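Values in this document were obtained by computation on a predicted structure and should not be read as measured data.
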Amino acid sequence: QVQLVESGGGLVQAGGSLKLSCAASGRTFSSYAMGWFRQAPGKEREFVAAIRWSGSSTYYADSVKGRFTISRDNAKNTVYLQMNTLKPEDTAVYYCAAGAARCSASAYGCYASRYEYLVWGQGTQVTVSS
């Protein structure tokens, strides 16, 4: 079973950058797709980005496309989320998740569904001030 621990959150001014990391324990990390989701107070948890197990394909919500980049290093059992040009509306708790094993490469909707992910981290707070 994979366990996930996020880090790298914090307070940043609008226009700034942060890089989130998600460290995984467990020997099966490289077999999972990885996703980042976020949840703002009073809102549903929403999809941010995902990456296939091989790193060959990535998927982004329209709201972050062109500003955020997801990547993974299977040798280090770590997935990253580089966030640039941050906006106040990016403020949320960010969660990484592992799973989506049944999603095919072209199935954006599958990767974007939180129900496809089996394991979740505890979350890291990102606050963007205006």
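The OG atom of Ser57 sits 5.5 Å away from atom CZ of Arg52, with the distance rounded to the nearest 0.5 Å. Of the inter-residue distances, the one linking Gln125 atom CD with Arg38 atom CZ reads 12.0 Å to the nearest 0.5 angstrom. Interatomic distance, Lys87 NZ to Thr85 OG1, rounded to the nearest 0.5 Å: 8.0 Å. Rounding to the nearest 0.5 Å gives a distance of 10.5 Å between NZ of Lys19 and OG of Ser7. Distance check, rounded to the nearest 0.5 Å: OG of Ser17 to CD of Gln82 gives 5.5 Å. Put simply, OG1 on Thr127 and CD on Gln13 are 13.0 Å apart, with the number rounded to the nearest 0.5 Å.
If you chain together hydrophobic residues whose side chains sit under 4.5 Å apart, Leu20 and Val12 fall into the same group. Put simply, Tyr117 and Met34 are part of two different groups of oily side chains (I, L, V, M, F, W, Y) that touch within less than 4.5 Å, one to the next. The hydrophobic clustering, which links ILVMFWY residues whose side-chain heavy atoms are closer than 4.5 Å, places Tyr95 and Val2 apart.
Summarising the hydrophobic clusters (Ile, Leu, Val, Met, Phe, Trp, Tyr; side-chain heavy atoms under 4.5 Å, direct or chained), the residues clustered with Val5 are none.
Residues Thr91 and Glu89 bring no donor and acceptor atom of their side chains to less than 3.5 Å of each other. Between the side chains of Asp73 and Thr78, not a single donor N or O lies within less than 3.5 Å of an accepting N or O.
In this structure, Val93 and Thr124 have side chains that are not in contact, with every pair of non-hydrogen atoms separated by 4.5 Å or more. Gln122 has its side chain within reach of Glu6: a pair of non-hydrogen atoms, C-beta onward, lies under 4.5 Å apart.
Counting non-hydrogen atoms of other residues, nucleotides and ligands closer than 6.0 Å to CD of Glu46 gives a total above 12.
Every residue meeting the ring pair (Phe, Tyr, Trp, His ring centres under 6.0 Å) condition with Phe47, not counting sequence neighbours, appears here in chain and number order: Phe37, Tyr108. In this structure, the side chain to side chain donor-acceptor pair (under 3.5 Å) partners of Lys65, at least two apart in sequence or on a different chain, are Asp62. Residues passing the ring pair (Phe, Tyr, Trp, His ring centres under 6.0 Å) test with Tyr111 are Tyr59, sequence neighbours excluded.
For residues 60-94, no pair satisfies ring pair (Phe, Tyr, Trp, His ring centres under 6.0 Å), with sequence neighbours left out. Counting only residues at least two apart or in different chains, disulfide bond (SG atoms under 2.5 Å apart) contacts with residues 2-89 comprise Cys22-Cys96.
A cation-pi arrangement, defined by a distance under 6.0 Å to the six-membered ring centre and an angle within 45 degrees of its axis, is present between Arg45 and Trp120.
A donor-acceptor pair is defined here as one N or O able to donate and one able to accept, closer than 3.5 Å; no such pair exists between the side chain of Gln3 and the backbone of Ser25.
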